[in-house]
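Below is one structure, written out as structure tokens; the observations come after it.
Just follow the structure's listing: the first ligand is 1, and inside any ligand the first atom is 1. Both backbone and side-chain heavy atoms feed into the values below; hydrogens, waters and symmetry mates do not. Residues: numbered from 1 along the sequence shown. Predicted model only: the values in this text are computed from it and were never measured.
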Amino acid sequence: MERLLQSTAARAIDYLATLENRAVAPSAAALAGLSRLDESLPDESTSAEAVITLLDEVGSPATVASAGSRFFGFVVGGSLPAALAANWLAGAWDQNAGISVLSPIAAKLEEVAIGWLLDVLHLPAGAGVGFVTCATQANFAGLAAARHALLARQGWDVEAQGLFGAPPIRVVVGEEVHVSVLKALMMIGLGRERVIKVPVDGQGRMKPEALPALDEQTILCLQAGNVNTGSFDPASAIIHQAKAAGAWVHVDAAFGLWAAATPRYMHLVEGIGEADSWATDAHKWLNVPYDSGLVFVRDPKHLRAAMAVNAAYLVDGDRRDPTHYTPDFSRRARGVEVWAALRSLGRSGLSDLIERTCQHARRFADGLGAAGYQILNDVVLNQVLVSFGDAETTRRVIAAIQADGTCWCGGTVWQDKTAMRISVSSWATTAEDVEQSLDAMLQVAATVRA
Ligand SMILES: *Cc1c(COP(=O)(O)O)cnc(C)c1O
């Protein structure tokens with residue numbers, strides 16, 4: 001065991017060291033090499049050493065180097081050193097974090113991390129928090145809490161009786177709602193098409209004047225951080241009337257919530273703290289390893305009502321049992337990395353991470369703009385949308401940038417315009433990485449356009 005873990009750690013360290021110089025996207029040869037895995041289940045056992053050798057030889061080259069410093073696709077963070085190392089140690093611990101009696105340390109780290117998160121993200125003290133896999137699950141859990149609260153108010157016990165015969169719930173979203181909110185609505189029986197969509201402006205922000213009348217049977221889903229533009233729904237212009245009408249306000253803030261952690265960008269989340277529930281990711285901007293999302297619910301009793309079950313064999317002590325706040329029962333101790341990331345960054349390190357990545361995005365926009373390419377969004381956060389000409393040219397430039405391998409960016413269609421998306425979300429990205437990537441982008445674009 002000891003030799004195996006030492007050699008595996010050495011392999012992992014080597015892997016991370018190669019990220020600096022390898023192409024971000026895996027090579028054709030590496031992808032072809034995946035066919036080595038097409039074998040039937042062996043009859044005989046294989047040594048762990050041989051299994052890890054195969055995994056490293058075939059697997060490592062076929063990864064996308066999203067843990068490196070020049071991956072700007074989707075919204076993908078890397079892993080902070082302390083978070084990755086904590087993940088390794090927690091792997092050895094192999095704790096079941098569902099109930100505190102099974103892992104006092106996992107339960108304790110969640111409690112400590114919850115206090116820090118509510119503080120640094122300016123969310124209400126005492127909110128209920130669940131450590132889930134991703135923002136999709138966080139939206140699911142937050143909306144399940146909303147469903148509980150709205151129906152309980154009308155005397156309907158949705159956890160016991162389901163939705164058959166229940167009073168209707170209205171769901172209002174922006175036209176730019178993220179698909180994960182629709183997926184969550186689909187999973188909790190509210191229906192992904194049974195929504196009222198509010199028109200948005202050129203940045204994807206809900207138009208407050210277009211909001212329908214809200215009431216206490218309505219869930220209003222706001223967005224903090226549009227996946228394309230990085231823009232925020234104008235919460236302060238909306239939230240007071242929503243709350244006054246008795247509506248439940250849920251915020252999909254998968255990455256935008258982290259703007260609250262820095263004075264420079266805090267204005268973007270103004271008003272959001274007044275909501276009832278929030279979903280965010282830790283594996284995006286907090287830079288912990290996958291998978292890690294967080295749900296926050298102002299009144300913890302609604303989240304507990306939607307998530308908790310009890311059985312006689314479960315010890316129900318005085319302590320907070322993590323499973324009462326999440327869809328999962330048994331699960332890994334993902335609070336460990338959240339704690340480690342926050343503990344290592346501190347308040348100023350977190351603020352610096354957010355500001356630095358936003359500045360890098362600004363530099364990309366300035367550099368591409370100066371070269372004559374059109375920036376399609378107001379670069380308010382860490383997201384940049386750039387057009388290299390018509391749709392076909394832009395698509396060809398994106399493909400060529402991906403093939404070049406210096407960095408990686410994806411494509412999108414933003415309000416009918418084809419664009420390349422740049423998202424700077426990793427702690428590891430330096431100013432040099434940005435210059436190197438910008439040079440590569442400009443060179444590739446010039447070649448394609450010629
Ligand atoms: C990324 C993202 C999600 C989904 O996050 P997952 O962690 O992939 O489930 C939801 N909403 C927004 C705005 C996002 O950016």
Side-chain angles (χ1 to χ4, degrees), residues 64 66 71-79 83 121 130-144 171 173-188 192 195 197-198 200 203-206 219-235 249-260 265 268-269 272 275 277-296 326-328 331-332 334 337-338 341 354 357-358 361 377 380-385 409-412 414 419 421-426:
V64 172
S66 51
F71 184 85
F72 308 114
F74 305 92
V75 184
V76 168
S79 279
L121 297 174
F131 290 70
V132 294
T133 51
C134 61
T136 305
Q137 279 283 45
N139 280 321
F140 169 82
L143 290 167
V171 181
V173 301
E175 236 161 31
E176 274 288 326
V177 63
H178 191 275
V179 287
S180 70
V181 171
L182 300 178
K183 178 171 177 173
L185 291 170
M186 144 189 137
M187 291 192 292
I188 60 171
R192 66 172 180 239
V195 292
K197 288 196 172 170
V198 181
V200 296
Q203 298 299 319
R205 296 171 295 214
M206 218 182 251
I219 302 172
L220 171 66
C221 298
L222 298 180
Q223 179 167 257
N226 179 290
V227 83
N228 281 304
T229 63
S231 71
F232 290 65
D233 282 337
V249 182
H250 172 78
V251 188
D252 174 12
F255 60 99
L257 193 56
W258 299 91
Y265 293 93
L268 293 168
V269 297
I272 277 166
S277 56
W278 304 262
T280 196
D281 266 318
H283 58 217
K284 286 181 176 168
W285 231 348
L286 185 59
N287 280 256
V288 303
Y290 289 98
D291 44 27
S292 196
L294 295 158
V295 58
F296 304 88
T326 64
D328 321 65
R331 65 170 171 84
R332 72 182 196 89
R334 56 178 72 87
E337 299 109 354
V338 172
I354 303 306
T357 39
C358 290
N377 64 319
V380 293
L381 203 65
N382 62 335
Q383 306 288 119
V384 181
L385 295 177
C409 300
T412 190
W414 170 250
R421 274 177 70 201
I422 304 170
S423 171
V424 190
S425 308
S426 175

Residue pair F131, R332: steps toward the side chain to side chain contact (heavy atoms under 4.5 Å, CB included) verdict: CA-CA 10 Å; F131 290 70; R332 72 182 196 89; over 6 Å; no
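- Side-chain contact annotation: T280 with W258, donor-acceptor N/O pair under 3.5 Å present.
- Here the side chains of W285 and L381 are in contact, with some heavy-atom distance below 4.5 Å.
- When only interatomic distances are considered, the shortest N/O to N/O separation between D252 and ligand 1 falls below 3.5 Å.
- For ligand 1, the atoms closer than 4.0 angstrom to any heavy atom of H283 are 7 (O).
- At a heavy-atom distance under 4.0 Å, only side-chain atoms of F255, from C-beta outward, approach ligand 1.
- Annotation: atom 7 (O) of ligand 1 to nearest protein heavy atom, D281 OD2, 2.7 Å.
- Under the 30°/60° scheme for interplanar angles, the aromatic rings of Y290 and H283 are found to be tilted.
- Against a heavy-atom cut-off of under 4.0 Å, G225 is close to the following atoms of ligand 1: 13 (C).
- V75 and Q383 make their closest contact through CG2-OE1, 3.8 Å (heavy atoms, listed as atom of the first residue, atom of the second, distance).
- Looking at atom 9 (O) of ligand 1, its nearest protein heavy atom turns out to be T136 OG1, 2.5 Å.
- Contact annotation: the side chain of P327 never approaches that of T133 to less than 4.5 Å [non-hydrogen atoms, C-beta and beyond].
- Contact of the M206 side chain with the L220 side chain is registered, since non-hydrogen atoms from C-beta on lie closer than 4.5 Å.
- Between A135 and ligand 1, at least one pair of N/O atoms sits closer than 3.5 Å.
- Nearest protein heavy-atom neighbour of atom 14 (C) of ligand 1: K284 NZ, 2.9 Å.
- In this structure, atom 10 (C) of ligand 1 lies nearest to the protein heavy atom S180 OG, 3.0 Å.
- Using a 4.0 Å cut-off between heavy atoms, C134 contacts ligand 1 through both its backbone and its side chain.
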